[in-house]
Amino acid sequence: MYTAQDEKRLFQQAKDLLQLQPTTAHIAQLREVINYADQRYYVADEPMLADVEYDQLFAALKKIELEHPELISIDSPTQRVASGISERLPTVAHLVPMLSLDNTYNAEDLRDWGKRCTGLVPDATIEFCVEPKYDGASISLIYENGQLLRAATRGDGISGEEITTNLRQIRSVPLSAPLIKSGVQQIEIRGEVVIHKNVFAELNRQRATDGLAPLANPRNAASGTLRMLDPNEVARRKLSAVLYHISDYTLDTNVSRPIELNTHFDSLQWLYNLGFPTPAKELKIFKDIEDVIQYCIDFEQYRDNLPYEVDGLVIKVNSIAQQEKMGMTAHHPRWAVAYKFKARQATSKLRNVEFQVGRTGAVTPVAKIDPVPIGGVIVSSISLFNEDVVREKDIHIGDTVLVERAGDVIPYIVKPLVELRDGTEQAIIFPTHCPVCNEILDKPTDEAVWRCINIACSAQVVERIMHYCSKDAMDIRGMGESNVNKFYERGFVKTIPELYHIDWATVATLEGFRDKSINNLQSAIEASKTQPLHRLIFGLGIRHVGETTAKNLARSVDHIKDFYNWDEERLMTLDDIGPKVAASVIHFFKTEENRHILEQLEQEGVNLVNLQQDQKQSGGEFSGKTFLFTGTLPTLKRSEAEAIAEAKGASILGGVSSKLNYLVVGEDAGSKLEKAKKLGSVTILSEAEFLTMMS
Ligand code: IVH
């Protein structure tokens, strides 16, 4: 086991080694760092080094050992049987080597590949079958007598790691299938394991709540998960599989009419009909390579609309007889090629770091880089989150930085390219005062962010007005960032209540404001006056008060000003409210400026009353009862299920606590279910049981 101190030392050791050209004197250090990096990568699933860095250190060690074979030791990391294979999982040989694909990047490359294909089967017409190139971790599955016998990772292509138990956790992979009916005795199927983008986002949200570092992208998350030792954790991570190639099969000759697979298209269709997750519905067939090219170009635009990550398309010759004729090189089949989309990583120069002030006064460092296109979007600003991130990644102004933007993942700096430094780079200095209002900044001991504590700070005011108008708060359409900024700068709206007496005649003199847009804005603002109380409470932007807490607060009073007389103890009797939230709510309603805002809103005619209260108390069959939903419910969306419970007077909690009465669990319910079971006081329901209860 490594202690935190060991980790720090080894991290520093790695950075130092990367700076120099290691010699025989560094051999022990190199081995130690590489072994530790392996452990972090394969065992802890939290890489310490970027791939290029690891490769650089590994190459340095290999070079020294090549020059000094007498120094090779049996336990040197270079002496593993095959690279990329962890020792934790047993290694198994693939029936057929898992080849890679040749890449093309543009129309010209594809056209050349098409010509080469024609050259290999000169007298035939070729049909091309096109499908997505899934960006995940490749797998190979063997079914024998209809049963899933073995699953393996790609490993080095010849053999991989055995991951059968983990693969069995993926719901879309059948554990058995009626293959034998078609006379198939044994079959090896290739595919990819991916994590859908929304699942990935949720996974990182959960990791953030648990204080864990976010996973970099869905691909790493998928491949790391596949190699975990705890199958329950694998199940929780909700992986998906796509199977796209039959690499080998044997037929039972006793069967009267064994299956005949003549095309790739038919193979995937056949598997699909047997219950395998193949891209059967995604396949496109073309006869002319020019049509393939056009399809590839067009498809790239849709890349972000897919629920999973793709890094290109794969074009395969459809006829299996033709595939066999064309054969393969040592590296890739000649009958298939990848068309790679634009890279989602790029390097750029970090020119400056600006500090932005958010609604709650949090000051966030934002890197300004030379604009660089990544995956079709120009990236020039990247959040660095907080001071710790900047220090950990050792980012300097003037650094060349590696930037990644994977699909819906917001762009982030992977790391600075330390080897490109020329000594002119400058440390990033964190401000001691607010960059907007110059108030001294404060950093609470248990937080990672610096905050401006001046609630009148104009940056915070603008953000607060924007939040008040946002969709989930008072839903004032048209009052987004641009208009709020414009109105604030011109002095029309300096506070939230001023939204309700904008001088529209002056607005009409501004460029871009016609009668229609002014009318729309006016009616959206007017309509917000009758929004239910919980939206107002959420819109006021009280720290730690999200939508669910706002609903719980609204439900417990007749009028918002009732909170003036509440104390923390009373607040903590409400669902879902602990000491931190209670202190924040009390502080908000005690602050004179906030009370003044509420007075003004009342005068403007904004609803401050809980209109739903009576109805809730008398009619709600489940009033006083608390619910929480976890996992994927079979038929209802989470929000629908919550609405059903709320309509019956129940309240929704944000987490499992002693205040929880019912936990409704769907598929892949995780830690919440375990916690509830431990508490023992919570009734656990399926969706069906819940619906029966509600009807
Ligand atoms: S076919 C012999 N089809 O991309 C057949 N591969 O960069 C070879 N991949 O190693 C594979 N989507 O892991 C094929 N629709 C697809 C694919 C696909 C993703 C992966 C696969 C391969 C890698 C090559």
Side-chain angles (χ1 to χ4, degrees), residues 51 84 94-105 109-110 113 117 128-141 151-161 163 167 172 187-196 217-220 222-223 226-227 239-249 261 263-265 267-269 271-272 276-286 292 295-296 299-300 303 306-320 322-341 343-344 406-407:
D51 291 358
H94 299 302
L95 297 186
V96 176
M98 279 179 86
L99 297 184
S100 193
L101 289 171
D102 201 12
N103 290 329
T104 64
Y105 297 93
D109 293 350
L110 264 184
W113 175 77
C117 287
F128 299 104
C129 191
V130 186
E131 66 201 39
K133 184 171 181 326
Y134 303 94
D135 196 6
S138 37
I139 49 159
S140 133
L141 304 179
T153 63
R154 181 175 186 279
D156 62 358
I158 305 297
S159 43
E161 292 149 309
I163 47 159
L167 216 91
S172 55
I187 188 167
E188 189 183 44
I189 311 171
R190 299 273 152 92
E192 205 85 358
V193 166
V194 296
I195 288 196
H196 281 205
N217 54 47
R219 178 188 353 105
N220 289 4
S223 91
L226 271 187
R227 310 212 307 286
L239 300 169
S240 308
V242 212
L243 305 176
Y244 46 63
H245 178 61
I246 296 176
S247 47
D248 193 37
Y249 65 101
L261 296 172
T263 64
H264 173 66
F265 185 92
S267 308
L268 295 195
Q269 221 68 42
L271 281 178
Y272 185 82
F276 289 92
T278 71
K281 301 274 172 274
E282 266 88 34
L283 300 179
K284 292 276 176 288
I285 301 274
F286 300 99
V292 172
Y295 180 72
C296 288
F299 193 90
E300 186 160 359
R303 153 181 210 186
L306 297 173
Y308 42 76
E309 288 288 343
V310 295
D311 56 344
L313 287 166
V314 180
I315 304 101
K316 295 174 180 171
V317 169
N318 196 25
S319 150
I320 300 202
Q322 287 178 0
Q323 287 185 2
E324 281 166 3
K325 243 189 189 158
M326 292 177 173
M328 43 193 70
T329 71
H331 167 259
H332 59 260
R334 292 196 188 89
W335 46 264
V337 78
Y339 174 83
K340 297 274 280 195
F341 294 151
R344 298 210 125 159

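Each ligand, and each atom within it, is numbered from 1 in the order the structure gives.
Scanning all protein heavy atoms for the shortest distance to atom 5 (C) of ligand 1 gives His245 CD2, 3.8 Å. Protein heavy atom at the shortest distance from atom 10 (O) of ligand 1 is Leu99 O, 3.8 Å. Among protein heavy atoms, atom 3 (N) of ligand 1 sits closest to Lys316 NZ, 3.1 Å. What sits closest to atom 14 (C) of ligand 1 on the protein, heavy atoms only, is Tyr244 CE1, 3.2 Å. The nearest heavy-atom contact from the protein to atom 8 (C) of ligand 1 is Leu101 CD2, 3.9 Å. Nearest protein heavy-atom neighbour of atom 12 (N) of ligand 1: Tyr134 N, 3.0 Å. The nearest heavy-atom contact from the protein to atom 4 (O) of ligand 1 is Lys133 NZ, 3.0 Å.
Looking at Ile315 and Cys296, their side chains come closer than 4.5 Å, going by heavy atoms from C-beta outward. Looking only at side-chain heavy atoms (C-beta outward), Phe341 and Lys133 stay at 4.5 Å or farther from each other. Counting heavy atoms from C-beta outward, Leu268 and Leu243 have side chains that stay 4.5 Å or more apart. Here the side chains of Val337 and Phe128 are not in contact, with every heavy-atom distance at 4.5 Å or above. Considering only heavy atoms from C-beta on, Tyr339 comes within 4.5 Å of Thr104 through its side chain. At a threshold of 4.5 Å between non-hydrogen side-chain atoms, the residues Cys117 and Met326 count as touching.
Heavy-atom separations between Ser247 and ligand 1 are all 4.0 Å or longer. By the 4.0 Å heavy-atom criterion, Ala338 is excluded from the residues contacting ligand 1. Residue-ligand proximity: Glu131 is placed with a non-hydrogen atom under 4.0 Å from ligand 1.
Under a 4.0 Å criterion applied to the non-hydrogen atoms of Ser100, ligand 1 contributes the atoms 24 (C). Near Pro333, the atoms of ligand 1 lying under 4.0 angstrom from a non-hydrogen atom of the residue are 2 (C). Here is the list of ligand 1 atoms found below 4.0 Å of a heavy atom in Ser138: 13 (O). Near Pro132, the atoms of ligand 1 lying under 4.0 angstrom from a non-hydrogen atom of the residue are 12 (N), 15 (N), 16 (C).
Leu141 CG to Ile189 CD1: the interatomic distance, rounded to the nearest 0.5 Å, is 6.0 Å.
Not one N or O of Arg154 is nearer than 3.5 Å to an N or O of ligand 1, by distance alone.
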Exercise for the section: Could you check Arg190 against His94 for side-chain contact (heavy atoms from CB on, under 4.5 Å), going step by step and ending with a plain yes or no? Expected result: CA-CA 11 Å; Arg190 299 273 152 92; His94 299 302; 4.1 Å; yes

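Counting only distance, with no hydrogens or angles, the side chain of Trp113 and the backbone of Arg334 share a donor-acceptor pair below 3.5 Å.
Looking at Glu131 and His264, their side chains do bring a donor and an acceptor atom within 3.5 Å of each other.
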